[in-house]
Structures are given as structure tokens and as C-alpha cells.
Amino acid sequence: MLLNDFYKIETIAEGEPGRKFMASISFNTQHSIFSGHFPGMPVVPGVCLVKITGELISRHTGRYYRLLEADSIKFIRFVTPKEIKNLHFEITFVPEGNLLTVTGTAFLDQLIYFKLKGKYSEAPR
């Protein structure tokens, strides 16, 4: 899991079996990453949102996946952990052999913070 205690999975629920799931995470606002990103105004690094998406996929499927290629990654709003206690993810995936074509969105209420479209490859741990 990313940086050990950077975030916690609060819930993970099946949407469309084998195609879609939802997850909710919370951030450790005291994590040391926030002292450098950015002092006095902590922001979740965009690369961490990409990594969290992959970790949620791996957790949901029970197999380890890593991002192979990204067609689109959009960071729409800053994720500020002091203001955003829980972030929700909706992830849709289409299996193609050892690949998954993925569309993921991170949101809170009606606000979208992050979107990703890409392919994940099953990989050894």
C-alpha cells in the first residue's frame, strides 16, 4: 500500500459485478508527505491519486495491477486532506486477458477531483 499509512480504505463495494466498483478512502492528514507537499497548504500529490487507483483495482480484483499506459489523466481540483476527509472513487474496468481497460473518477459530493482512462497490466508482486 502507498507509503504505508498515507490513506485508509473506508469502504469498497461492487457496482456491476466484474465491471465496476466504488471505494471510499480517507487520508492521514498527519502523514509526512504533506510537510513537503506543500508546507502550510497540504495537497495530495497527483501521482498518489494515480497509484491509489491502481491499489484499489488490485484490492478489488485480488490481483496486482500496475498502470501500463494512460490515455488521459486529469487533475481537476486540488485534493486538500484537511478539507476533504473522504474521497470517493468509481472505477469501471473491462478485462482483456491480463490487461484491464480502466476508467476511474475521484469525487466528493458533486465535485470531480481526478479522472483517469488507461490500461493496467497484471504484474507479479
Side-chain angles (χ1 to χ4, degrees):
M1 197 161 185
L2 181 67
L3 301 174
N4 300 322
D5 63 344
F6 180 63
Y7 72 97
K8 176 182 170 189
I9 298 172
E10 298 293 339
T11 62
I12 198 160
E14 192 82 40
E16 184 181 336
R19 301 284 237 185
K20 181 178 183 178
F21 69 96
M22 285 73 65
S24 178
I25 66 167
S26 61
F27 295 100
N28 174 0
T29 59
Q30 302 304 310
H31 197 279
S32 62
I33 198 168
F34 295 123
S35 65
H37 201 273
F38 294 97
M41 189 179 150
V43 175
V44 174
V47 69
C48 292
L49 294 172
V50 174
K51 180 69 172 160
I52 289 167
T53 302
E55 289 180 356
L56 291 172
I57 292 166
S58 295
R59 170 81 182 268
H60 178 72
T61 62
R63 297 179 176 173
Y64 178 69
Y65 283 93
R66 63 185 172 108
L67 184 63
L68 180 64
E69 66 182 54
D71 298 324
S72 172
I73 297 177
K74 295 181 182 179
F75 303 103
I76 299 163
R77 289 180 174 77
F78 289 117
V79 177
T80 54
K82 288 185 179 178
E83 296 169 7
I84 299 169
K85 301 301 180 203
N86 289 80
L87 191 62
H88 308 289
F89 286 76
E90 182 175 281
I91 299 173
T92 304
F93 57 97
V94 178
E96 302 168 15
N98 71 339
L99 297 177
L100 296 178
T101 299
V102 172
T103 302
T105 303
F107 62 95
L108 181 62
D109 299 322
Q110 300 297 316
L111 297 177
I112 296 173
Y113 287 82
F114 164 75
K115 287 182 159 189
L116 177 145
K117 289 183 181 180
K119 292 196 183 299
Y120 282 77
S121 174
E122 190 172 350
R125 279 207 168 257

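For the single chain, residues carry numbers from 1 onward in sequence order.
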Using the side-chain contact (heavy atoms from CB on, under 4.5 Å) definition, which of the options Gln30, His37, Lys82, His31 pairs with Pro42? Lys82
Is the side chain of Ser58 donor-acceptor paired with the backbone N or O of Tyr65 at a distance under 3.5 Å, no angle test? yes
Starting from Val102, can I reach Tyr64 by hopping between I/L/V/M/F/W/Y residues whose side chains sit under 4.5 Å apart? no
Tell me, do Arg59 and Ile12 make a side-chain contact under 4.5 Å, heavy atoms counted? yes
Would you please name every residue forming a side-chain hydrogen bond (donor to acceptor under 3.5 Å, both in side chains) with Glu83, sequence neighbours left out? Thr80
Quick one: OH on Tyr113 to CZ on Phe107, what's the gap to the nearest 0.5 Å? 11.5 Å
Which residue pairs satisfy the salt bridge (Lys or Arg N to Asp or Glu O under 4.0 Å) criterion with at least one member in residues 15-42, sequence neighbours excluded? Lys20-Glu90
Is Leu111 linked to Val44 within one hydrophobic cluster, defined over Ile, Leu, Val, Met, Phe, Trp and Tyr using a side-chain heavy-atom separation of less than 4.5 Å? yes
Treat each ILVMFWY residue as a node, draw an edge where side-chain heavy atoms are under 4.5 Å apart, and state whether Leu68 and Val50 are in one component. no
With rounding to the nearest 0.5 angstrom, report the OH to CZ distance, Tyr120 to Phe93. 12.5 Å
Checking Lys115 now: which residues fulfil side chain to side chain contact (heavy atoms under 4.5 Å, CB included) with it, not counting sequence neighbours? Lys74, Ile76, Thr105, Ile112
Heavy atoms of Thr29 and Pro81 approach each other most closely as CG2-O, 3.4 Å
Take Ile33 and Cys48 through the test side chain to side chain contact (heavy atoms under 4.5 Å, CB included) and record every step on the way to the result. CA-CA 10 Å; Ile33 198 168; Cys48 292; 4.0 Å; yes
Would you indicate whether Arg77, at its atom CZ, is surrounded by more than 12 heavy atoms from other residues, nucleotides or ligands within a distance under 6.0 Å? yes
Contacts of Thr101 that satisfy side-chain hydrogen bond (donor to acceptor under 3.5 Å, both in side chains) - sequence neighbours left out: Glu96, Lys119
Does His88 have any side-chain hydrogen bond (donor to acceptor under 3.5 Å, both in side chains) partners at least two apart in sequence or in another chain, and if so, which? Ser24
Euclidean distance, Tyr7 OH relative to Leu49 CG, rounded to 0.5 Å: 10.5 Å
To the nearest 0.5 Å, tell me how far Leu100 CG sits from Ile57 CD1. 6.5 Å
To the nearest 0.5 angstrom, please state how far the CZ atom of Phe89 sits from the CD1 atom of Ile9. 10.0 Å
With side chains defined as the heavy atoms from C-beta onward, is the minimum distance between Phe6 and Asn28 less than 4.5 Å? no
Could you check whether Phe114 and Phe75 have their ring centres less than 6.0 Å apart? yes
Applying side-chain hydrogen bond (donor to acceptor under 3.5 Å, both in side chains), name anything that partners Asn98, two or more places apart in sequence or on another chain. none
Hey, any chance Leu108 and Ile25 share a hydrophobic cluster, counting ILVMFWY side chains that come within less than 4.5 Å of each other, even indirectly? yes
Roughly how far, to the nearest 0.5 Å, is the CG atom of Leu56 from the OG1 atom of Thr61? 10.5 Å
Heavy atoms only: give me the nearest Met22-Gly15 pair and the separation to one decimal. CE-CA, 3.7 Å
Would you check if Asn86 and Phe27 make a side-chain contact, meaning some heavy-atom pair closer than 4.5 Å? no
